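Below: the structure, in structure tokens.
Throughout, protein chains are lettered first and strands after them, A, B, ... in sequence-line order, and every chain is numbered starting at 1. This one's a predicted model, so the numbers in the text were calculated from it and none came from an experiment.
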Amino acid sequence: MTEAAVTVDRLRKTLGKNEVLRGISFEAGKGEIFGLLGPNGAGKTTTLRTICTLLSPDDGTINVLGFDTRAAPQEVRRRVGVVTAEIGVYPRLSARENITYFARLSEVADDDVRRQVDEVIDRLDMSSFARQRAESLSSGQKQKVAIARAIVHDPPVLMFDEPTSNLDVLASKEIRDFMVESKGRGKCVIFSTHVLHDAERLCDRVTIIHKGQVVGSGTPAAVRGSRRDLEDAFLELVEA
Amino acid sequence: MRAAWIVYRKEIVEILRDRRTLMAIGLSALATPIVLTVISQVSTQTATQAYTVGYSGQVPAGLDILLTSTGLKLKAVDDPAAAAKQQVDLGVAFQATEIDEYYDPARQSAQIADTRLQTVLGQYNAAKAAAALQQQGIDPGILTPLKVVGHPLSSPVKAAENSFLSFFLPYILITMILTGGFSAALDSTAGERERRTLESLLMTPAPRSRVLLGKIGAVTTISLTAAVAAIGSMFVALSQISLPGGGGSSPHITLNAVAVPVMVWVALLLAVGFSSLTLALGTLARNFRQGQAYVTPLYFVTILPASIILFIPDFNPSLAYYLIPVLNAVLVLRDAIVRDTVAWPALIVTTISLATLGGLSWLATLRLFTREALLTRS
């Protein structure tokens, strides 16, 4: 494994009366795609929300590039970009205005905002619809806006929570390509998904969580072991 | 403060592109002149309208001329009491030494006709009595041993105008500040949650207190814009029409110099307080519709204090009453408009009360904004 960018240690979290996370631990390194796998309700989203400081751990610690999420939440947020399946964008702002708004809130210097926004628009091939109001964009285009706003401040840690679940085949491929490209740039990419086929193809290492606990960890090959594919291994682990 | 300014600018841009908010501001600017024009036309119509008096018997000489000149038309009927129920506005049976009058108090036209008849008969009786005394060489002045000479300390017309403004202006100001910002406040909170943008916003390094400050600033701006539009259009309308009580002699109602700064100060306090309050309620809501259900009762809560001046024009409360938000704003404005002075203790208590309301609402909203339930409830 490369140097750790995100370290989650014995993380516990209860929402309402439901104990969602029961002592989860894992490490995601720089320059790798780390897969967080599990069925719906396993606790993947809660884990990501806790890493990006939206939720506070009940117990355990999370460290992002040397910053503890409890002690320095703002420092953590400066270093993390999150893309979710829920591609909420401001409908009455254009794609460019949406991205610019998040660039400014993410503390990109005034002199650099325009350049960095232009860069992500070019990188994600958004020029054709950048000036269009977000309410008129397709789902794939909105997802690109969501990615652009998450990466416009060039964070070293990128988290993708079921990013392809509402997208068609072509748009999904673009997201996957983007994750691979980000890995190539040395980013720590945490990819949460229940689509095991994607995980097997993309991830350098995976952690499988089920009912709030880690049930398997390692490279896809190691987790798969002698089984036919990762899906078989996954089913065996969660049904055990 | 940079983050608050960024949020403020973005919210203003979004609000200005929102048809609902623009319609609310446009309607508030249009509604006031329309209401005032209707009031003016109805009052003018009522003042000039002729009413029918059904009569039987012999009309005393000269009385018919007086009645006709005051807009009372005479019409001979067989049974004045029966006619007064539907056929005419008033029934009168002239007899040798008395007049029997029949009218239905439930009909407004009968009430107006009755008032006019009583006035005319008072003048007729006085003239007849004076003529009889003169014929006998007696000075008619003995009928009025004590003459009243009025010396109004201010213009009665101006007093009537102030009385109208003291009710209408606070009413317009408060309702427009409240309703003008409704849509913007809900869009900025419940709408943000409904569109699934809230999570992304809270994941930025911007402190939540600054995010909230930007939102309150934007909603306050829109509320004040709606109030300025409504009050501006009200004064434009008042310059074009005459209202009841103004006597038609002063077509131009103006606000005195004391009332203007008081109005601006109170409007600012109310706008900040209402913005914080509606944002707090919007933050509690899961979607725009639920937010509307939460904020609508606020409208009724504010209308009641605003109406108190209408029902109790001479309400002179103790200083403690000025602690009640909204009611205090109405009273302070009324004092400034009617009395042309600033009651400083009342204004200070009002300021403390409204600032406290705004501060507590801001703290409540901030608390809601920093709770995990804000995200997990949805």
For the candidates B:Glu194, B:Glu199, B:Glu14, which exhibits the highest count of non-hydrogen atom pairs separated by less than 4.5 Å from chain A?
-> B:Glu14
By a 4.5 Å heavy-atom criterion (distance strictly below it), what part of B:Arg210 contacts chain A: side chain, backbone, both, or neither?
-> neither
For A:Phe191 and A:Phe34, what are the C-alpha separation, side-chain angles and deciding distance, and is it a ring pair (Phe, Tyr, Trp, His ring centres under 6.0 Å)?
-> CA-CA 6 Å; A:Phe191 176 34; A:Phe34 180 84; over 10 Å; no
Report the option among A:Val76, A:Val80, A:Val89 that has the most heavy-atom pairs separated by less than 4.5 Å from atoms of chain B.
-> A:Val89
Pair A:Thr193, A:Asp198: side-chain N/O donor-acceptor within cut-off below 3.5 Å = no
Quick one: which of A:Ala146, A:Gly88, A:Ala150 has the most heavy-atom pairs under 4.5 Å with chain B, could you say?
-> A:Gly88
Taking all non-hydrogen atoms of both residues into account, name the closest pair between A:Lys183 and A:Val189 and its distance.
-> N-CG2, 4.2 Å
Check each atom of A:Glu97 against the heavy atoms of chain B and say whether the ones under 4.5 Å are side chain, backbone, both or neither.
-> side chain
Give the ring-plane orientation class for A:Tyr90 versus A:Phe102, where under 30° counts as parallel, over 60° as perpendicular and anything between as tilted.
-> parallel
Among B:Leu198, B:Leu202, B:Val211, B:Val13, single out the residue with the greatest number of heavy-atom pairs under 4.5 Å to chain A.
-> B:Leu202
Return yes if some donor-acceptor pair links the side-chain N/O of B:Ser233 with the main-chain N/O of B:Ala29 below 3.5 Å, else return no.
-> yes
Could you tell me which residues in residues 182-192 of chain B have at least one non-hydrogen atom under 4.5 Å from a non-hydrogen atom of chain A, sorted by residue number?
-> B:Asp187, B:Glu192
Distance only, no hydrogens: is a donor on one side chain within 3.5 Å (strictly under) of an acceptor on the other, for B:Ser275 and B:Thr220?
-> yes
Measuring heavy-atom distances to chain B, does A:Thr46 have an atom under 4.5 Å in its side chain, in its backbone, in both, or in neither?
-> neither
Under 4.5 Å from any heavy atom of chain A - which part of B:Arg371 = neither
Could you please spell out the steps behind the side-chain hydrogen bond (donor to acceptor under 3.5 Å, both in side chains) verdict for B:Thr204 and A:Arg77?
-> CA-CA 6 Å; B:Thr204 65; A:Arg77 275 182 256 157; 5.8 Å; no
Under 4.5 Å heavy-atom distance to chain B, tell me which part of A:Pro91 shows up: side chain, backbone, both or neither.
-> both
Decide side chain to side chain contact (heavy atoms under 4.5 Å, CB included) for A:Leu48 and A:Phe160; before the verdict, give the C-alpha distance in whole Å, the side-chain angles of both, and the deciding distance to 0.1 Å.
-> CA-CA 9 Å; A:Leu48 295 188; A:Phe160 291 80; over 6 Å; no
